[in-house]
Protein chains: 2
Amino acid sequence: MDETEQKILDAALSVLVSKGYEGTTTRRIAEAAGVNEVTLFRKFQSKENILREVIIRNLNSALALIDSMFQMETEADQAVSLRNMGLDFIKLMSERIDLISILIEEGRRKPEVQEILSPATQILIKRLSECFELQIKNGKMRNIDPKVAAVTFISFTFYICLMKKFLEGIIGDKEEALEGFVDIFTKGIIKVNDKNLR
Amino acid sequence: MDETEQKILDAALSVLVSKGYEGTTTRRIAEAAGVNEVTLFRKFQSKENILREVIIRNLNSALALIDSMFQMETEADQAVSLRNMGLDFIKLMSERIDLISILIEEGRRKPEVQEILSPATQILIKRLSECFELQIKNGKMRNIDPKVAAVTFISFTFYICLMKKFLEGIIGDKEEALEGFVDIFTKGIIKVNDKNLR
DNA sequence: AATGCATGCAAGCGCATACTTGCTTGCATT
DNA sequence: AATGCAAGCAAGTATGCGCTTGCATGCATT
């Protein structure tokens with residue numbers, strides 16, 4: 001991976017998130033990279049190769065971060081752990097939401113995009129649900145479906161990143177919203193030792 | 001709205017959801033509608049006008065349905081009410097998810113799409129949070145933030161519709177997933193009269 | 001029977017796209 | 001000093017796009 005190739009990939013990502021999938025032309029990538037258009041084709045043969053490389057690198061770096069993110073300190077308060085996890089995840093997500101949004105939409109019609117996105121999504125859910133499963137085994141959470149809990153957590157954080165612009169003025173900033181969510185989420189999943197309620 | 005115009009709008013929607021925003025060309029719309037391409041321009045002047053009309057009609061019909069959807073029977077079990085509401089909403093959502101997915105992604109860069117989508121999103125959240133607010137006043141829910149609860153509910157249902165393909169094999173069908181979600185969701189929001197727990 | 005209007009058809013315009021070709025330039029290794 | 005290789009430059013290909021123009025056709029109202 002020489003310097004020129006790196007410049008091209010960086011430029012391709014920045015054009016992709018600012019102009020969208022179909023708005024990402026080889027002319028724009030070349031201009032943003034400060035190289036001649038023909039250099040793109042000498043290095044990567046086709047535009048498709050460039051975009052695939054950009055997508056795979058970005059998703060892999062995200063997955064690497066996620067692997068170390070979903071761990072709940074066993075001694076700490078669950079709400080605090082969840083809030084910390086949520087903050088980290090929201091940060092990771094909001095830094096990539098433009099790309100992810102493009103991938104989800106393009107993946108609906110392009111199998112080659114789907115093939116990259118599908119395993120990433122599944123690993124994400126799997127990691128978090130394993131984390132929840134451990135909490136259940138340790139008696140820290142009641143016997144809910146850990147996968148559904150994981151999807152609940154991910155879907156909320158994903159949604160507030162995706163809809164950020166529309167949510168301004170409705171709910172507060174991401175931190176406030178996350179706090180409210182964790183409140184709702186925990187009071188359901190924390191094992192209630194006193195069973196005599198209701 | 002004559003018959004030809006209706007045929008064109010129907011065709012435009014079907015091309016839009018199957019080919020995506022940039023894949024929706026006037027040639028394809030004309031072919032799908034069974035009319036000559038030039039007829040599109042005689043009726044609507046521009047491709048943009050056609051797409052705007054398609055989008056506005058579809059979102060308005062969805063909003064009309066939503067207005068009557070978010071009502072919880074006061075005497076029934078909350079979990080049952082929420083599940084019924086969820087089923088209705090998932091149905092409405094999954095019938096339109098291809099279009100909605102396109103609008104969200106295109107809206108990130110096209111202000112004219114954003115202007116249509118933004119109020120629709122806000123009305124959706126407002127309606128559901130009003131519904132929850134009523135439950136809180138009636139003492140059926142504890143004092144959570146109704147807007148955050150609404151976003152929690154909407155984000156989960158939205159996510160399982162959007163990610164349907166990736167979730168197959170991870171969590172069960174939508175009904176099962178919804179049941180698991182409502183379990184987690186309710187146990188947090190139902191007012192616990194016995195305050196002595198934990 | 002005459003008129004008008006909706007639509008079809010064929011052709012084309014200007015523009016942008018991904019990608020190619022042939023040639024030049026300049027730096028780095030030998 | 002000679003060689004090779006990476007990159008620039010200019011031009012061009014074929015394709016598809018939104019949209020326009022001019023003319024033909026056929027149905028419905030008068």
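Proteins get letters first, then strands, A, B, ... in listed order; numbering begins at 1 in each. Any value given below was found using the heavy atoms of this structure, including those in side chains, with hydrogens, waters and symmetry copies removed.
Place B/R42 and B/K47 on DNA chain D by their nearest nucleotides, and B/K47 ends up nearer the 5' end.
Judged by the 6.0 Å distance and 45° axis criteria, B/K110 is positioned over the aromatic ring of B/Y21.
Distance A/L40 CG to C/dA18 P: 10 Å, rounded to the nearest Å. A/E37 has its CD atom 14 Å from the C1' atom of C/dT21, to the nearest Å. The nearest whole Å value for the distance from the CZ atom in A/F41 to the P atom in C/dT20 is 7 Å.
Judged as a side-chain hydrogen bond (donor to acceptor under 3.5 Å, both in side chains), and not counting sequence neighbours, the contacts of A/T26 are A/E37. B/D98 meets the salt bridge (charged side-chain N to carboxylate O under 4.0 Å, His left out) test with A/R108; sequence neighbours excluded. Listed by chain and residue number, nothing satisfies the salt bridge (charged side-chain N to carboxylate O under 4.0 Å, His left out) test with A/E112 (two or more places apart in sequence, or in another chain).
Running 5' to 3' along DNA chain D, contacts with non-hydrogen atoms of chain B at under 4.0 Å begin and end at D/dC17 to D/dT21.
Among A/N58, A/L9, A/I8, the single residue meeting the side-chain contact (heavy atoms from CB on, under 4.5 Å) criterion with A/E53 is A/L9.
Annotation: proximity of residues 21-36 of chain A to DNA chain D (heavy atom, distance under 4.0 Å) is found for A/G34, A/V35, A/N36, numbered in ascending order.
Salt-bridge formation is detected for the pair A/E95/A/K91: a Lys NZ or Arg NE/NH1/NH2 atom is positioned less than 4.0 Å from an Asp or Glu carboxylate oxygen.
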Pair up each side-chain donor or acceptor in residues 127-137 of chain B with any protein partner under 3.5 Å, not counting sequence neighbours, and list the distances.
| unit_1 | atom_1 | unit_2 | atom_2 | d |
| --- | --- | --- | --- | --- |
| B/R127 | NE | B/D67 | OD1 | 2.4 |
| B/S129 | OG | B/I125 | O | 3.2 |
| B/S129 | OG | B/K126 | O | 3.1 |

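For the residue pair A/E105 and B/S101, a side-chain donor N or O sits within less than 3.5 Å of a side-chain acceptor on the partner.
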